[in-house]
Amino acid sequence: MDAPIPALARPARAAARRLREADEVLLASHIDADGLTSAAIAATALERAGIPVATTFEKQLDEEAIAAIAATDYETVLFTDFGSGQLDVVTEYAERKGFTPIVADHHQPTDAETAYHVNPLLEGIDGGSELSGAGTTYALARALADCGRDPEDHAADGNRDLAALAVVGAVGDMQTVDGELVGANAAITDEGVAAGVLDTTKDLAMYGTQTRPLPKLLEYANDVRIPGITNDRSGVVRFLDGLDMELKADGEWRTWADLTHDERRTVVSALVRRAVRNGVPAGRIDDLIGTSYTLPREAPGTVLRDASEFSTLLNATARYDRADVGLAVCQGDRGEAFQEAKRLLRTHRRNLSEGIEWVADHGVTREDNCQWFHAGEEIRETIVGIVAGMAYGANGVDRSVPMIAFADADKGETKVSARGTSALLRRGLDLSTVMQEASRAVGGDGGGHTIAAGATVPRGTETAFVEVADDVLGEQLD
Ligand code: C5P
Ligand code: C5P
Ligand code: C5P
Ligand code: ZN
């Protein structure tokens with residue numbers, strides 16, 4: 001028996017054995033790309049093992065959500081991509097209502113223990129950059145196949161085909177480091193490549209290589225800023241026209257995926273020359289190239305072909321109360337659900353660009369150790385974190401302090417999202433602790449990762465929240 005992530009082998013096996021004993025399982029997961037891929041991996045592995053599974057999605061695993069789960073008749077509940085951060089409440093309800101919780105998560109755990117807890121952070125693996133919720137669930141899925149009662153279970157190559165979804169989850173949680181997946185995520189990638197469900201290539205590191213027309217691809221890429229290209233539509237068109245290549249087909253701009261290998265090389269060389277000429281430092285120019293994660297079994301030129309575009313499609317479903325659509329796509333639906341997902345994606349993209357524009361127009365308020373904006377009802381609370389992250393990367397934003405974003409939520413509450421940078425991590429940033437301490441100080445709750453975290457607080461406590469957060473940040477960033 002070989003485990004994809006040896007450090008998780010023991011807890012994954014224990015959880016898998018317990019799942020094998022269940023007559024049926026309730027699966028609860030988080031409403032984002034990583035949560036959806038986690039759910040798809042778990043549901044597929046359970047179905048293959050002949051264990052009936054029902055799935056439910058939650059925005060946050062707060063006490064109300066836990067109580068609702070506890071009120072069902074299920075004796076076995078599998079939590080994926082959340083559960084660790086709320087383990088104290090989960091175990092309390094589990095004991096009281098008599099169900100067995102099994103958790104596969106990568107968020108910062110609270111101070112509580114349970115028998116079936118798979119979490120990279122408990123085994124010395126970084127849950128922010130080395131393993132996602134989907135990757136953790138993949139380890140569980142592999143263990144489920146390995147402890148199969150029925151040799152037929154091995155038909156799917158020990159569930160190795162699910163590695164593609166694990167990579168979509170990791171990329172969706174933005175776990176790449178210097179343009180590629182590392183650590184346990186890389187080990188999963190290798191299994192997926194060997195199983196024929198993933199390809200990795202060194203390629204232009206820009207979002208939208210499968211579906212964006214070339215000018216849009218270059219215009220909106222802002223990880224590496226190139227004067228005269230980034231955010232400069234007419235500059236991009238002049239640049240492309242100057243290449244003297246056939247970059248249009250039937251009057252429409254081609255996409256990166258449409259180009260041949262040689263054509264791509266020509267464009268990359270011209271981009272690099274342009275960047276050098278405009279004084280972009282060599283270290284930054286290297287960042288133009290990264291590893292792209294391709295799903296070779298998906299049709300070229302579709303959003304599903306590229307892990308990062310796939311993850312955006314999933315966010316476009318789950319964050320708009322249509323997790324069922326995203327889950328169906330993850331489990332292979334290329335008909336009705338896929339069409340609906342693409343419709344939702346158009347709305348999501350419009351909302352993201354309107355949100356970023358709103359932040360640019362309204363600006364942020366600077367405190368000693370952070371900056372913040374309050375979008376009220378202008379940005380949907382389920383995407384305000386994505387908008388905060390994207391706005392944080394935009395031109396003219398001060399990246400020397402973290403970004404905190406507020407938006408109105410239901411029930412008189414406010415959603416908070418916080419985003420930092422790897423440079424800030426090196427100075428001691430831990431946004432998970434910041435969100436937890438500041439939210440608890442005002443009667444809310446929060447958590448997450450060191451580089452990206454969130455919270456929910458009572459409406460009206462925002463100013464007090466910022467004060468506490470700013471103090472905690474002051475101590476961290478000393
Ligand atoms: O639920 P949770 O783990 O899924 O979500 C992680 C969030 O953190 C994502 O929204 C992702 O975009 C964000 N993130 C980030 N920068 C990183 C790592 C994660 O903004 N370097
Ligand atoms: O939507 P999602 O969280 O998957 O987006 C992840 C990243 O992909 C964003 O932070 C952004 O850099 C990029 N993106 C983009 N344009 C979009 C959607 C996502 O550049 N329309
Ligand atoms: O919602 P947002 O994208 O800002 O979430 C960033 C990270 O913080 C995610 O990993 C999310 O699961 C986590 N989070 C949390 N508790 C909350 C809100 C967000 O652990 N109340
Ligand atoms: Zn996650």
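Counting starts at 1 for both ligands and their atoms, in listed order.
Comment: Glu180 engages Lys202 in a salt bridge, judged by a side-chain N to carboxylate O separation of less than 4.0 angstrom. Salt-bridge formation is not detected for the pair Asp146/Arg13: no Lys NZ or Arg NE/NH1/NH2 atom is positioned less than 4.0 Å from an Asp or Glu carboxylate oxygen. A salt bridge does not link Arg284 to Asp286: none of the charged side-chain nitrogens sits closer than 4.0 Å to a carboxylate oxygen. By the 4.0 Å N-to-carboxylate-O rule, Glu92 lies close enough to Arg96 to be salt-bridged with it. Salt bridge absent: Arg212 and Glu219 never bring a charged side-chain N and a carboxylate O closer than 4.0 Å. A salt bridge links Asp410 with Lys59: the distance from a Lys NZ or Arg NE/NH1/NH2 to an Asp or Glu carboxylate oxygen falls below 4.0 Å. Salt-bridge check for Arg297 with Asp199: failed, with every basic side-chain N at 4.0 Å or more from each acidic carboxylate O.
Ligand 1 places these atoms under 4.0 Å from at least one heavy atom of His30: 1 (O). Interface atoms of ligand 3 facing Arg419, defined by a heavy-atom separation under 4.0 Å, are 2 (P), 3 (O), 4 (O), 6 (C). Less than 4.0 angstrom separates some heavy atom of Ile451 from each of these atoms of ligand 1: 17 (C), 18 (C), 21 (N). Residue-ligand proximity, Lys415 to ligand 3, at heavy-atom distances under 4.0 Å covers atoms 1 (O), 2 (P), 4 (O). Listed by atom number, the atoms of ligand 3 under 4.0 Å from His449 heavy atoms are 10 (O). Close approach to Ser417 involves these atoms of ligand 3, each under 4.0 Å from a residue heavy atom: 1 (O), 2 (P), 4 (O). In the vicinity of Asp445, heavy-atom distances shorter than 4.0 Å reach the ligand 3 atoms 21 (N). Listed by atom number, the atoms of ligand 1 under 4.0 Å from His106 heavy atoms are 3 (O).
Counting only residues at least two apart or in different chains, side chain to side chain donor-acceptor pair (under 3.5 Å) contacts with residues 36-45 comprise Thr44-Gln331. Note on residues 448-472: pairs passing ring-ring contact (aromatic ring centres under 6.0 Å, His included), not counting sequence neighbours, are His106-His449, His107-His449, Phe406-Phe465.
The cationic group of Arg305 does not satisfy the cation-pi geometry with Phe310, failing either the under 6.0 Å distance to the six-membered ring centre or the 45° limit from the ring axis.
Within a radius of less than 2.8 Å around the Zn ion (ligand 4), the protein N, O or S atoms are Asp34 OD2, Asp81 OD1, His106 NE2, Asp173 OD2.
Atom CD of Glu47 sits in a crowded spot, with more than 12 heavy atoms from other residues, nucleotides or ligands closer than 6.0 Å.
The shortest N or O to N or O distance between Gly448 and ligand 3 is under 3.5 Å.
When Asp32, Asp34, Val171 are checked for heavy-atom proximity to atom 4 (O) of ligand 1, Asp32 turns out nearest. In the candidate list Ala455, Ala453, Ala407, Ala453 is nearest to atom 5 (O) of ligand 3, counting heavy atoms.
Atom 15 (C) of ligand 3 has its closest protein heavy atom at Gly447 O, 3.3 Å. His107 NE2, 3.2 Å is the protein heavy atom nearest to atom 12 (O) of ligand 3.
At least one heavy atom of Asp173 sits closer than 4.0 Å to an atom of ligand 1. By the 4.0 Å heavy-atom criterion, Gln108 is excluded from the residues contacting ligand 3.
For Glu462, there are no salt bridge (Lys or Arg N to Asp or Glu O under 4.0 Å) partners at least two apart in sequence or on another chain.
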